[in-house]
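The analysis underlying the following values was restricted to heavy atoms, covering all of them including side chains, and did not include hydrogens, waters or symmetry mates. In this text the structure is predicted, and so the values were computed from the model without any measurement.
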Amino acid sequence: YGDCKDFSTLLIVLLKAANINAYPVAIDWSSQFNQYPIPNPASFNHAIVYIPKWKMFLNPTNSMAPFNTLDTYLAGKFALIIKPNSEVKFTPKNNPSRNFVGYNSKIFLSESGSMKGTENITYFGTSSELPRSILSTQPSEIIVEQELQKDNLTGFGKITSSSTSNLIGPLKIKATWNVPNAFYMSNNTELFLSPPYGVSLFHMSNLNTYINYGRLWPMIIGAKSFQWTQILNFPEKFKIKYIPKNVSIENKAGRFKTTWKRSGTHQITIVKSLEISHDIYPANQYKPLRRVLLAALQSKQQMIVLSKN
């Protein structure tokens, strides 16, 4: 229990016991990124810790923050390091490659209309904070149900994960799920299928939050990157009639790419990658970001067409 000053003081004392010098840091933890023109107490509302030996800032108040990671609202901020000869620094900006999500999925369709899937997902940096929070506060079975509902599927399953309290390495999860009645398909008919994301804890539809027609203020989104690899497997009686075209877009805001390919007579491999290059986008730089995000969102609407002999 305690506030940011208590957590920072406790961490500094613990580090001192391990012969590691550390100092408290005054900083702003909010959406305010512009500096005041003159020194002002309003510049600070939070306390974190700085370790000069490693040139590292830590936020012990955030129990889900991985080691050596600051969230979007602390990255690139003006910071006052409090010590006998106090100094000011800027916290490091986030790098999308450090806040990476790697998603690998296998999905199996049956002739009876059921669908089963397995996911292996690794979350790095700030991208692990929300999954850590979800996994540490909700039962696995409930999470699976809620994730499947995002793709309008009703099913069940379970999740196993690495320790959510181990903040040194990435968070890893494995999910298995089953949807008994995913689709209905009779002979000589076609099935239009948008591959589900299963249990990803980051659904592509989340990006809708950042879609506007215009911006008057900066967009705070957080630098991050994703790669989804899905392998869809179909029964022998199913024939692949159509797969979508590949998409690729890249600009100064980021990039999105998706590829579809037949990896077997009854198998399709889909690879999608998304990079959001910066934490913050000024209003006059929002349009390039919007193009990247829209390309990612529209990829969710792409469908394969299957027929049944």
Side-chain angles (χ1 to χ4, degrees), residues 1-4 6-8 10-11 14-15 27 29-31 46-49 51 54 56-77 91-105 117-150 157-177 197-207 209-210 220-229 274-276 279:
Y1 296 97
D3 65 7
C4 58
D6 299 316
F7 284 115
S8 295
L10 177 59
L11 178 58
L14 291 172
L15 289 168
I27 196 170
W29 194 14
S30 75
S31 58
H46 188 54
I48 60 174
V49 173
I51 305 174
W54 300 325
M56 181 186 298
F57 291 91
L58 300 174
N59 181 21
T61 306
N62 185 351
S63 61
M64 298 298 167
F67 190 70
N68 194 22
T69 298
L70 295 178
D71 66 51
T72 303
Y73 294 94
L74 287 173
K77 284 289 186 76
T91 58
K93 294 182 179 180
N94 276 318
N95 186 316
S97 63
R98 292 191 60 192
N99 303 322
F100 174 71
V101 179
Y103 169 97
N104 292 279
S105 171
T118 61
E119 273 94 42
N120 288 280
I121 312 173
T122 306
Y123 306 86
F124 294 85
T126 59
S127 293
S128 72
E129 291 184 24
L130 180 59
R132 288 180 194 275
S133 177
I134 293 173
L135 291 167
S136 62
T137 57
Q138 298 184 44
S140 161
E141 293 80 7
I142 299 298
I143 296 172
V144 172
E145 289 181 16
Q146 292 174 342
E147 288 294 299
L148 292 174
Q149 286 170 6
K150 293 176 182 178
K158 63 179 182 179
I159 300 173
T160 57
S161 74
S162 58
S163 172
T164 57
S165 58
N166 179 0
L167 303 178
I168 300 297
L171 174 68
K172 298 182 179 181
I173 75 167
K174 180 177 181 179
T176 57
W177 50 269
Y197 281 87
V199 182
S200 68
L201 302 182
F202 180 88
H203 196 270
M204 193 70 81
S205 61
N206 292 6
L207 298 176
T209 305
Y210 305 104
I220 302 173
I221 186 170
K224 54 182 71 74
S225 59
F226 304 85
Q227 179 158 310
W228 296 267
T229 301
L274 169 66
E275 180 182 296
I276 299 169
D279 283 322

Is there a side-chain contact between [X] and [Y] in this structure, where contact means two heavy atoms from C-beta onward sitting under 4.5 Å apart?
X: Phe124; Y: Thr69; answer: no
X: Glu147; Y: Leu201; answer: yes
X: Phe100; Y: Gln227; answer: yes
X: Ser105; Y: Tyr197; answer: no
X: Leu74; Y: His46; answer: yes
X: Ser200; Y: Lys150; answer: no
X: Asn68; Y: Arg98; answer: yes
X: Phe202; Y: Ile121; answer: no

Restricting to non-hydrogen atoms, name the atom on [X] and the atom on [Y] that form the minimum distance, rounded to 0.1 Å.
X: Trp29; Y: Thr61; answer: CZ3-CG2, 4.2 Å
X: Pro170; Y: Ser162; answer: O-OG, 3.9 Å
X: Glu129; Y: Pro66; answer: CG-CD, 4.0 Å
X: Leu58; Y: Leu70; answer: C-CD2, 4.3 Å
X: Tyr210; Y: Ile220; answer: CE2-O, 3.8 Å
X: Thr72; Y: Gly222; answer: OG1-CA, 3.4 Å

Do [X] side-chain atoms and [Y] backbone N/O form a donor-acceptor pair below 3.5 Å?
X: Asn99; Y: Ala223; answer: yes
X: Ser127; Y: Tyr123; answer: no
X: Ser225; Y: Pro96; answer: yes
X: Asn94; Y: Asp279; answer: no

Requested in this report: Please name all residues satisfying side-chain hydrogen bond (donor to acceptor under 3.5 Å, both in side chains) with Ser165, sequence neighbours left out, ordered by chain then number.
Outcome: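 With neighbours one apart ignored, the set is Ser163.
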>> Tell me every residue that passes side-chain hydrogen bond (donor to acceptor under 3.5 Å, both in side chains) with Ser205, counting only those two or more places apart in sequence or in another chain.
In response: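 Applying side-chain hydrogen bond (donor to acceptor under 3.5 Å, both in side chains) to Ser205 gives His203.
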How long is the straight-line distance from [atom2] of [Y] back to [atom1] of [X], given to the nearest 0.5 Å?
X: Ile48; Y: Ile27; atom1: CD1; atom2: CD1; result: 4.0 Å
X: Tyr73; Y: Ser31; atom1: OH; atom2: OG; result: 6.5 Å
X: Asn104; Y: Asn120; atom1: CG; atom2: CG; result: 7.0 Å
X: Leu130; Y: Leu171; atom1: CG; atom2: CG; result: 10.5 Å
X: Thr91; Y: Lys77; atom1: OG1; atom2: NZ; result: 7.5 Å
X: Tyr103; Y: Thr122; atom1: OH; atom2: OG1; result: 13.0 Å

Q) Given Ile173, which of Ile143, Thr164, Leu135 fulfils the side chain to side chain contact (heavy atoms under 4.5 Å, CB included) condition? A)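 When Ile143, Thr164, Leu135 are each tested with Ile173, the side chain to side chain contact (heavy atoms under 4.5 Å, CB included) holds only for Leu135.
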